[in-house]
Amino acid sequence: MKKLFASIALSLALTSSVMAADDINIIVVSHGQANDPFWTVVKNGVEAAGKDMGVKVDYRAPETFNMVEMSALIDAAVNQEPKGLIVSIPDAQALGGSIEKAAKAGIPVISMNSGVEASAKLGALLHVGQEELAAGKKAGEKLKEMGGKKGLCVNQEVGNVALDQRCEGFKQGFGAVEVLPTSNDPADVKAKVRATLEKDADIDTILALGASTAGEPTLAAIEEVGKTGKINVGTFDMSANFLKAVAEGKAAFCIDQQQYLQGYLPVVFLANYARYGLMPGGNVPSGPNLITKDKAAQVVELSAKGIR
Amino acid sequence: MSTSKTPSTATSAADERIAKVSLVKSLLQRPEVGAIVGLIAIILFFVVYADARMFSLAGIMNFMQPAAQLGILAIAAALLMVGGEFDLSIGSMIAFAGIALGIPLVLWGWPLGLSILFAFAVAVVFGALNGFIVLRSGLPSFIVTLAFLFILRGLTLVGLKAATGTTQLRGIQEAASDSWLMELFAGNAFEGVFSWLASMGWIDTFQNGTPKVQGIPVEIIWFIVLGIAASWLLTKTRFGNWIFAAGGDPNAARNIGVPVNRVKIILFILTAAAATLVATITVLQFGTADASRGLLKEFHAIIAAVIGGSLLTGGYGSVIGAMIGAVIFGMVQIGITYTNINQDWFQVFMGAILLIAVLLNNWVRRKAMTSR
């Protein structure tokens, strides 16, 4: 019994000493809803980095794509004076005030995922992410090379500038593109894509802006109208099912922005900044990385685990 | 004559309508009692589980800001619910009013004042249209305003894409920055007072000396002023009585000469106008309008009104209760980030609070009404 108490006391002492060394807290505020598989991977990256670096991390996001609520969440984070703040910036003007306030208050800020062009202006130390316009253009060029004539851009998060830029880049790289706005409900995406394909038989190329929210339902819609293999489909981001389709030749490619790193790296940077004042000298491009048929199979397993 | 008066006073003394009610019981009969109990419970919860900074001045301003934005909607939603109707289109109205203000301002070069008037004119049209269709068709307002939830959301998207080619409108702050009206709708009030308080060391500052709170966000002032005005309107005026009558039993109300249709149409216009006020404040404060503004806000506003004791069936409710409901909502929404609880739990929390509040309201009301 005594031994038990001693070991409990010891372990308590240990944890409290760890806790004491562990007073670095890093808060992440993103616009990605918790039920979006893409953002689950980011969150997994954040949590893994927190464990690896021995710091306390906290991931927060508004319930819907809502810039007003997101800015309140940033204000709340600033009020807790964390040792580091990580934000995504899908609308630089709307979130600018809150982010600038954080930087002015002396909190080190790193931006990730979206907002590369605004990041430095708002006082962030650096940005970890993907240039959306360039990535869209690269995808467009690839799809044009594959022989596409008329394109459809499926946007499942209306109001997010980064996604508008992807469609814009697609237009620049490809040519004739129609944009289809949907909600992020896969059933809705499927129905709308199907209706569009039935209405316009000329569409031979589709770019989806999210793999599981828009890409997979797009594939399902193509199958329902019996055009599998006849329409080239690419998607931003990855999901296990979409990668399988790429491996089987039913889809062209996934554009991997390696969002696990968007969660992971900023935590590592900010932890080192808090401890030793270390910070890389510039933005870190986490993508784009085109995953085509030859690479797809290897990635499937990691995607199912929520890492890619 | 004088003798016959005595027995009649004796019976009227026994009449329940003028019977003396104990103070406790009369308090329990108020619609907002459940909300007040809920508010105390939520505060206690966060005092125990949250970082103490949540109840610092900066922390309070922080959760009061979303609470006030929601509260402005909830005040109007509560009035409409007391009047026996619903408005599910107010969330979409926020987005639509945002571009109705932004497009004239940024793309047509109108002055800010005129753009705001235009947005409110649009709100009056759609509010009246909601009311007119409900009253003329006899359909439940649930269905009619549900249709407008989609129509307005869709029109916002169509309008934005036609105007800007994207799903967002930027440059609002630049276009409006020189207007004195900005003071009314964006930023903080009493900034001088707060920087003075900070210089005296009476309020918290960041390490570099800037005060953590630069002033009272204007929406909090709008929220309080509108709340007082609406509460006065509902409880102290003839129009307030008409609202209760129209929501309680419209036919009886019509029979005693209450202009039920006019009351209801005015209430629909008020909710649309409240959504437009929220749109004006958020659009000018954040400088952009986008197609997904105000998503789910119609439900949040109804939740706040219901937590505040308003009945879904109409004829009963309170403005103060709805305001407390909105404060509870903001507190839970932001407060959860001050705890160690994973944010994923927020919606579970909100649902549970809604359910508990309604059960509590129901129970208290039954107790108070039956045990006279």
Side-chain angles (χ1 to χ4, degrees), chain A residues 25 27-31 33-35 40 43 47 56 58-81 90-98 101-107 155 157-165 167-168 171 179 181 183-184, chain B residues 51 53-54 56 58-59 61-63 65-66 69 94-95 156-157 160-161 164-168 170-174 187 204-208 210 212-214 278 281-283 285-297 300 330 333-338 340 342-344 346-347 350:
Chain A
N25 60 326
I27 299 177
V28 185
V29 183
S30 89
H31 67 276
Q33 293 142 55
N35 59 7
T40 309
K43 193 177 176 182
E47 277 164 2
K56 189 174 171 295
D58 206 344
Y59 178 94
R60 300 162 187 176
E63 198 188 344
T64 57
F65 181 84
N66 185 328
M67 291 304 103
V68 178
E69 269 167 33
M70 186 176 166
S71 113
L73 288 177
I74 295 175
D75 290 342
V78 170
N79 191 33
Q80 288 165 69
E81 298 184 72
D91 181 343
Q93 205 170 16
L95 301 174
S98 294
K101 196 174 148 200
K104 273 189 196 146
I107 296 166
N155 181 354
E157 201 168 73
V158 172
N160 182 340
V161 181
L163 297 205
D164 289 333
Q165 286 172 342
C167 284
E168 186 55 39
K171 262 180 216 169
V179 180
S183 71
N184 68 356
Chain B
D51 188 327
R53 272 175 289 213
M54 179 175 168
S56 68
M61 291 296 175
N62 196 187
F63 68 69
Q65 210 169 346
Q69 287 164 10
I94 294 176
T156 310
L157 183 64
L160 270 172
K161 294 195 79 172
T164 68
T166 68
T167 53
Q168 215 188 41
R170 284 187 270 184
I172 291 169
Q173 252 163 358
E174 288 83 339
D204 284 347
T205 56
F206 286 110
Q207 285 155 351
N208 62 3
T210 54
K212 273 192 173 178
V213 178
Q214 280 151 8
V278 171
I281 290 169
T282 53
V283 157
Q285 191 160 324
F286 294 95
T288 59
D290 69 53
S292 55
R293 278 295 154 79
L295 214 57
L296 289 184
K297 282 287 174 274
H300 294 177
Q333 188 175 26
I334 299 296
I336 206 163
T337 71
Y338 287 88
N340 288 321
N342 193 320
Q343 256 247 301
D344 296 350
F346 166 67
Q347 295 185 54
M350 212 57 241

Non-hydrogen side-chain atoms of S56(B) and N79(A) separated by less than 4.5 Å: yes

message: If I take atom CG from residue N155(A) and atom CG from residue L157(B), how far apart are they, to the nearest 0.5 angstrom?
response: 9.0 Å

statement: In terms of heavy-atom contacts, A94(A) and F286(B) come closest through O-CD2, 2.9 Å

Most contacts with chain B, counted as non-hydrogen pairs under 4.5 angstrom, among G97(A), S71(A), G96(A): S71(A)

- prompt: Looking at Q165(A), M67(A), K43(A), E157(A), which has the largest count of heavy-atom pairs under 4.5 Å with chain B?
  reply: K43(A)

query: Under a 4.5 Å heavy-atom cutoff, which of K161(B), Q285(B), M54(B) has the most pairs with chain A?
result: K161(B)

- prompt: Near R60(A) CZ, under 6.0 Å, is it more than 12 heavy atoms from other residues, nucleotides or ligands?
  reply: yes

message: My understanding is that only one of K297(B), Q69(B), Q65(B) makes a side-chain hydrogen bond (donor to acceptor under 3.5 Å, both in side chains) with E69(A); could you say which?
response: K297(B)

query: With a 4.5 angstrom heavy-atom cut-off, which part of R53(B) approaches chain A: side chain, backbone, both or neither?
result: both

query: Under 4.5 Å between any side-chain heavy atoms of L295(B) and N66(A), yes or no?
result: no

Step-by-step side-chain hydrogen bond (donor to acceptor under 3.5 Å, both in side chains) determination, Q93(A) to E174(B): CA-CA 11 Å; Q93(A) 205 170 16; E174(B) 288 83 339; 2.9 Å; yes

message: Can you give me the closest heavy-atom contact between T167(B) and N160(A), atom names plus distance?
response: OG1-N, 4.0 Å

- request: Give a yes-or-no answer on whether the side chains of D58(A) and T337(B) include a donor-acceptor pair shorter than 3.5 Å.
  value: no

query: Heavy-atom distance under 4.5 Å to chain B: side chain of V78(A), backbone, both or neither?
result: both

- prompt: Does any heavy atom of chain A fall under 4.5 Å from the side chain of Y338(B), the backbone, both, or neither of them?
  reply: both

message: Taking A76(A)'s backbone N and O only, do any of them form a donor-acceptor pair with N62(B)'s side chain (distance below 3.5 Å, no angle check)?
response: yes

- line: The interface call for D91(A) against chain B, heavy-atom contacts under 4.5 Å, is both

